[in-house]
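Here is the naming used below: chain letters follow the sequence lines, and residue numbers restart at 1 for every chain.
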Number of protein chains: 2
Amino acid sequence: MGKQLVIALGGNALGSTPEEQQKAVLVAAGHIVGLVRDGYKIVIVHGNGPQVGLIHLAFELARNEDQKVPVMPFAECAAMSQGYIGFHLQNALQNTFFSHGMTTHVSTAITQTIVDIEDPAFQHPTKPVGVFYSEAEAKRIAAAQGYQFIEDSGRGFRRVVPSPEPIDIKEKGTIRCLMENGDVVIACGGGGIPVYRKDGKLHGIDAVIDKDKGAARLAELIQADALIVLTAVSQVAINFGKPQQRWLGRITTAEAEQYSREGHFAPGSMLPKIEAAVHFVKAAPGHKAIITSLENAYKAVTEEEGTIITA
Amino acid sequence: MGKQLVIALGGNALGSTPEEQQKAVLVAAGHIVGLVRDGYKIVIVHGNGPQVGLIHLAFELARNEDQKVPVMPFAECAAMSQGYIGFHLQNALQNTFFSHGMTTHVSTAITQTIVDIEDPAFQHPTKPVGVFYSEAEAKRIAAAQGYQFIEDSGRGFRRVVPSPEPIDIKEKGTIRCLMENGDVVIACGGGGIPVYRKDGKLHGIDAVIDKDKGAARLAELIQADALIVLTAVSQVAINFGKPQQRWLGRITTAEAEQYSREGHFAPGSMLPKIEAAVHFVKAAPGHKAIITSLENAYKAVTEEEGTIITA
């Protein structure tokens, strides 16, 4: 039986147009095919930052031209991004498998991630999304819609949405079923469509879930053997970019937490990846998390590359 | 063991905004829950006409405001619509099952439908999509992009795309697996994302697949016991709207074809539903197709309502 891997693939690596994305997913597929051939059972959790932003932007701009175009909330835009990226990734994997004479099935499961409406993130939205507005426009929209805005990088005002913790994955049973069936499964895209539970029912909510945290929660729930978090570098470093920079080959969760406290990892960049990795290994002791680059994904699984985090 | 049903649900019935769609899918879920409770295994194929049109429109209008917004081809818009509608329908079914104390899983599979690039439909695009243009604009875009336009209903010029026959469903194995797992499966939305095969690989193409034909092909491929095509009326009629109008309770494929030849069914409305039903029953003799309304779906399965088409 193949070991089960959850692979988190960044949304930024997927480009910003359909053409760029189609090229990017073929590259990603090329680096994953070897693991599938070796019998690993794989769930891919892709990011969706640029894509969900583009879809939301298209609906916002279109409303300037035609007020009949409805407001498209973030949960629905996330669902669209799962279809859009899922299609391209699924298609690229299928075509790559065909080139290698493999008949492995590939499926994309539309996935809802349950968050807690009491999560403090809802009181402090931090994730900038969508287009830039002038201060006056931002104030007008904030008053009309109840949205929150921040000044972003000197380029204008942007809406901020909460980034709550993923609590549960509604479709985990479906994902497990497809994985056991031998499908390469694309799931929990963009961390999952954010929903909250009220009186037992699930409702979409304006939020963005961190994709690496969503992948870590999914890996925990389906008891994957390893969580592979892909990033721009082949290994994690401490003192990154400084003379005393040191690449990390194998660390424990305690060491990772110590380095985090010492400020070695950039918030919004390497830090959430480390946190996701630590979360998974603590929740599934004996299992491992790996942080590496797409190019080194295959070698990282056999522990020739990457930063391995264990209990 | 429950019998297997493929249910084709119209996209027009789903409204034209996220709010309308959320209400509509709850109504649909309320009419399907009884069949699930009775042990039927169900795949839902939803339409996506208004939704794929809205998504494509949003990208077209947004490009007027900001040329950096990329052209979003129809295959990608169809993929987005599968995520968007799938999320709402999946969520409504899950919430409805919860209300009934049921724990049935629901999943949405992003689905590609394979068409033949030699299909004559590609030489004669017939399906109007997207926004209306002036004659001058239409000519300019036609020259620049190679699109085809027609004058539509006196309201201006619209792009037309081909509506080819669905040949195969790439993800049929995944859909069958989920159905056998006991999931209510939402699949082949909008008839499926149109793709064609070239040198063994699949590529997206600008086309729109008839949802009822996609559902019929899927029902054939997974050997469903029945195909249920939902429409606005509880039964099919001959001489519809005339004094000698007669509702049809049970007909053979030969009778259905005879009535079709006699012009009893409107093209673009009842005719493709009849054709889809006949196609399925001919491909799976001994199985049946039912045409009825959403409200009568439950009773139609037990043959108390609807028009039943058999060999």
Which donor-acceptor pairs sit under 3.5 Å apart between chain B and chain A?
{"residue": "Asn64(B)", "atom": "ND2", "partner": "Glu65(A)", "partner atom": "OE1", "Å": "3.2"}
{"residue": "Glu65(B)", "atom": "OE1", "partner": "Asn64(A)", "partner atom": "ND2", "Å": "3.2"}
{"residue": "Glu76(B)", "atom": "OE2", "partner": "His88(A)", "partner atom": "NE2", "Å": "2.6"}
{"residue": "His88(B)", "atom": "NE2", "partner": "Glu76(A)", "partner atom": "OE2", "Å": "2.6"}
{"residue": "Gln90(B)", "atom": "NE2", "partner": "Ile110(A)", "partner atom": "O", "Å": "3.1"}
{"residue": "Gln90(B)", "atom": "NE2", "partner": "Glu171(A)", "partner atom": "OE2", "Å": "2.5"}
{"residue": "Asn91(B)", "atom": "ND2", "partner": "Gln112(A)", "partner atom": "OE1", "Å": "2.8"}
{"residue": "Asn91(B)", "atom": "ND2", "partner": "Leu202(A)", "partner atom": "O", "Å": "3.1"}
{"residue": "Gln94(B)", "atom": "OE1", "partner": "Gln112(A)", "partner atom": "NE2", "Å": "2.7"}
{"residue": "Gln94(B)", "atom": "NE2", "partner": "Glu171(A)", "partner atom": "OE2", "Å": "3.0"}
{"residue": "Asn95(B)", "atom": "OD1", "partner": "Leu202(A)", "partner atom": "N", "Å": "2.8"}
{"residue": "Asn95(B)", "atom": "ND2", "partner": "Leu202(A)", "partner atom": "O", "Å": "2.9"}
{"residue": "Ser99(B)", "atom": "OG", "partner": "Lys201(A)", "partner atom": "NZ", "Å": "3.1"}
{"residue": "Thr108(B)", "atom": "O", "partner": "Ile110(A)", "partner atom": "N", "Å": "3.3"}
{"residue": "Ile110(B)", "atom": "N", "partner": "Thr108(A)", "partner atom": "O", "Å": "3.2"}
{"residue": "Ile110(B)", "atom": "O", "partner": "Gln90(A)", "partner atom": "NE2", "Å": "3.0"}
{"residue": "Gln112(B)", "atom": "OE1", "partner": "Asn91(A)", "partner atom": "ND2", "Å": "2.8"}
{"residue": "Gln112(B)", "atom": "NE2", "partner": "Gln94(A)", "partner atom": "OE1", "Å": "2.8"}
{"residue": "Glu171(B)", "atom": "OE2", "partner": "Gln90(A)", "partner atom": "NE2", "Å": "2.5"}
{"residue": "Glu171(B)", "atom": "OE2", "partner": "Gln94(A)", "partner atom": "NE2", "Å": "3.0"}
{"residue": "Thr174(B)", "atom": "OG1", "partner": "Asp183(A)", "partner atom": "OD2", "Å": "2.7"}
{"residue": "Asp183(B)", "atom": "OD2", "partner": "Thr174(A)", "partner atom": "OG1", "Å": "2.7"}
{"residue": "Lys201(B)", "atom": "NZ", "partner": "Ser99(A)", "partner atom": "OG", "Å": "3.1"}
{"residue": "Leu202(B)", "atom": "N", "partner": "Asn95(A)", "partner atom": "OD1", "Å": "2.8"}
{"residue": "Leu202(B)", "atom": "O", "partner": "Asn91(A)", "partner atom": "ND2", "Å": "3.1"}
{"residue": "Leu202(B)", "atom": "O", "partner": "Asn95(A)", "partner atom": "ND2", "Å": "2.9"}

Of the backbone (N, CA, C, O) and the side chain (C-beta and beyond), which part of Ile55(B) lies under 4.5 Å from a heavy atom of chain A, both, or neither?
both
Rounded to the nearest 0.5 Å, what's the gap from CZ on Phe87(B) to CD1 on Ile193(A)? Could you check?
5.0 Å
Between Leu202(B) and chain A, which part of the residue has a heavy atom less than 4.5 Å away: side chain, backbone, both or neither?
both
Engaged part of Ala78(A) at the chain B interface, taking heavy atoms whose separation is under 4.5 Å
neither
Using heavy-atom distances under 4.5 Å, tell me whether Val195(A) contacts chain B through its side chain, its backbone, both, or neither.
side chain
For Val71(B) and Pro18(A), the nearest pair of non-hydrogen atoms, with its separation, is O-CG, 3.6 Å
What residue in Cys77(A), Gly189(A), Cys177(A) has the most heavy-atom pairs under 4.5 Å with chain B?
Cys177(A)
Within a strict 4.5 Å, meaning less than it, do heavy atoms of the Leu54(A) and Phe59(B) side chains meet?
yes
Under 4.5 Å from any heavy atom of chain A - which part of Ala92(B):
neither
